[in-house]
Amino acid sequence: MVLWSLVPGALLVVIVVYLCLPGLLRQRGPQEPPLDKGTVPWLGHAMALRKDMFEFMKHMWTKHGDVFTVQLGGQYFTFVMDPLSFGPILKDTQRKLDFSKYAEELVLKIFGYYAKGEKKQNIHSTSTKHLMGHDLEDLNKVMVDTLSLIMLGPKSRSLDASCWREDGLFHFCYNTMFKAGYLSLFGSTKDKEQDLLQAEEIFTHFLRFDHLFPKFLYSLLGPREWLEMGRLQRFFPKMLSMKHNQKEGISNWISSLRQFLREQGVAPHMQDKFNFMILWASQGNTGPATFWALLFLLKHPEAMQAVREEATQVLGGARLEAGQSFPLQPTALRCTPVLDSVMEETLRLRAAPTLCRVVCEDYILKMASGKEYLIRRGDMMALFPYLSVHMDPDIHPEPTAFKYDRFLNPDGSRKVDFYKAGKKIHHYSMPWGSGVSICPGRFFALSEMKLFVLLMVRYFDLELVDPDIPVAPVNPKRWGFGIMHPNHEVRFRYRLQPAE
Ligand code: HEM
């Protein structure tokens, strides 16, 4: 009896030893980068990274220099911090660094969706094809009308022109962008009121999922949160399932992806999970990004003035009216250099993704300095461009300041010439990732965010409830996942301007 009671304890010891032993035994090899395993077996530096990745990375960079390997939850990540050395990693002519493998594992864990490598590439190219060019022009038209529907309400309930409304700016932007993006991409019905109600319900759940997401990825959810996450993981595929959604005006992007999955013989329940993943990819960043863009504009009157003038120019005398299609000129979004610079600056300041590749075979990392490092098979290569690029004062002087014209040349054209150590730098801002995994929705994302900002500044009066409130700090638990969230809500007021 006594012996049997020792069995679970012995098993636990075996498991712990099995997990920790490789880490305890691993030593830095002759040609390898500095290795920092942290003090906690297996976990390594995972807790410090989760607490505040930006501070952690700054510390590691100062301690080890431009290349270092850290242990995070049993995995070894080699971070490269010199942007002049990014080229070979992102181009990967040696074909030893794999994005698909990493993405597949992540997607399986978060959405329960599994795709084979070949399918992944097709999905990427289908997405790129339908989120730019002609399809993008069609999407823009749908998007602007959907934004108008959400901002003004359905026909019968026009927003009272004289009345100020108060809301949290983050909630307002996320909610509006989510509903407009969701309805424009996934389609709608003739019953607009019902569509808005359904979109609102999905958004409420999406916010919860988004809130739990970073902790979930680090496997740090408490028991109740696990249960809630499980419920959410079942809710989205069900809500987005074709069985429950007979909609019109589904975007070419979504239709083509669905057709592709059907042709590949992907099981219906997997198709539903795929919808969930696509909802997350398409709606998780645009709302938070527009929040920061509007907040920066509200805090920088000269920038607001410049964007307002541009909005008046490109939208001309067009009126925003409930129940009516908005007469958007197809060229309008191509003539907004000031707003383009504002968006680029906003993304530089608040987009903080981690870009990862699995090392499939031992890999020689060639740095721009000429130094070479051996990276072991099975490790991960990682970039955190927010710190190494976006915040580099050599590339972007006063990097923490919002300068609305940072990406404008004196003649008003787009500025693309940036330098590091006197050398022209290709990767001077990387909100969308780069290389094989670059965001295929970036052109649509920019268009929809610009449409939202243009409508807000052109047709609404906007003000912060407390004009002296400093720009909200970011939530440090979300570094590495895309657009940062604020640490707290910011109250604002808005009202539809009287028709001229
Ligand atoms: C501000 C808005 C957005 C930002 C900052 C953003 C950024 C990113 C980043 C950093 C990645 C991953 C790159 C990597 O791992 O190397 C990504 C992937 C992706 N994004 Fe976006 N994105 C945005 C909006 C959108 C929109 C609106 C769509 C679609 C309509 C979209 C579709 C996708 C898809 C499908 C992927 C996965 C690509 C793949 O795994 O091959 N994104 N995005």
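Excluded from the calculations below are hydrogen atoms, water molecules and symmetry mates; all remaining heavy atoms, backbone and side chain alike, are included. Whatever order the structure lists them in is the order used to number ligands and atoms, beginning at 1.
The distance from ligand 1 to the heavy atoms of Leu355 drops below 4.0 Å at these ligand atoms: 14 (C), 16 (O). Ligand-side atoms of ligand 1 in range of Met449: 1 (C), range being under 4.0 angstrom from any heavy atom. Residue-ligand proximity, His124 to ligand 1, at heavy-atom distances under 4.0 Å covers atoms 38 (C), 39 (C), 41 (O). Short contacts between ligand 1 and Phe444, defined as distances under 4.0 Å to a heavy atom of the residue, involve ligand atoms 30 (C). Proximity to Trp253 (heavy-atom distance under 4.0 Å) selects the following atoms of ligand 1: 29 (C), 30 (C).
Between Asp52 and Lys58 there is no salt bridge, since no side-chain nitrogen of the basic residue lies less than 4.0 Å from a carboxylate oxygen of the acidic one. Comment: Lys415 does not engage Glu345 in a salt bridge, judged by the lack of any side-chain N to carboxylate O separation of less than 4.0 angstrom. For the pair Lys420 and Asp392, the salt-bridge criterion is met [side-chain N within less than 4.0 Å of a carboxylate O].
Only side-chain heavy atoms of Glu448 come within less than 4.0 Å of ligand 1; its backbone N, CA, C and O stay farther off. Of the heavy atoms in Ala351, none comes closer than 4.0 Å to ligand 1.
The ring of Phe384 has its center no closer than 6.0 angstrom to the ring center of Phe79. For Phe56 and Trp479, the distance between ring centers is not under 6.0 angstrom. Taking the six-membered ring for Trp, Phe206 and Trp280 have ring centres closer than 6.0 Å. The aromatic ring centroids of Tyr494 and Phe172 lie less than 6.0 Å from each other. Taking the six-membered ring for Trp, Phe203 and Tyr174 have ring centres closer than 6.0 Å.
Among all non-hydrogen protein atoms, the one lying nearest atom 12 (C) of ligand 1 is Ser437 O, 4.0 Å. The nearest protein atom to atom 15 (O) of ligand 1, hydrogens excluded, is given as Phe99 CE1, 3.5 Å; this is a heavy-atom distance. In terms of protein heavy-atom proximity, atom 10 (C) of ligand 1 is nearest to Pro431 O, 3.5 Å. Summary of contacts: the protein heavy atom closest to atom 39 (C) of ligand 1 is Lys120 NZ, 3.1 Å.
If you count the protein N, O or S atoms nearer to atom 21 (Fe) of ligand 1 than 2.8 Å, you get 1.
Taking 4.5 Å as the limit, every side-chain heavy atom of Leu147 sits out of range of all side-chain heavy atoms of Phe326. Residues Trp253 and Ile278 form a side-chain contact, since some pair of their non-hydrogen atoms from C-beta on lies under 4.5 Å apart.
Ligand 1 does not have Ala103 within reach: every non-hydrogen atom of the residue lies 4.0 Å or more from it. Within the 4.0 Å heavy-atom cutoff, Met430 does not count among the residues contacting ligand 1.
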* **Verdict with reasoning, Phe407 to Phe418, per ring-ring contact (aromatic ring centres under 6.0 Å, His included)** => CA-CA 10 Å; Phe407 293 90; Phe418 290 86; 5.4 Å; yes
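Residues meeting the side chain to side chain contact (heavy atoms under 4.5 Å, CB included) test with Val416, sequence neighbours left out: Arg414, Tyr428.
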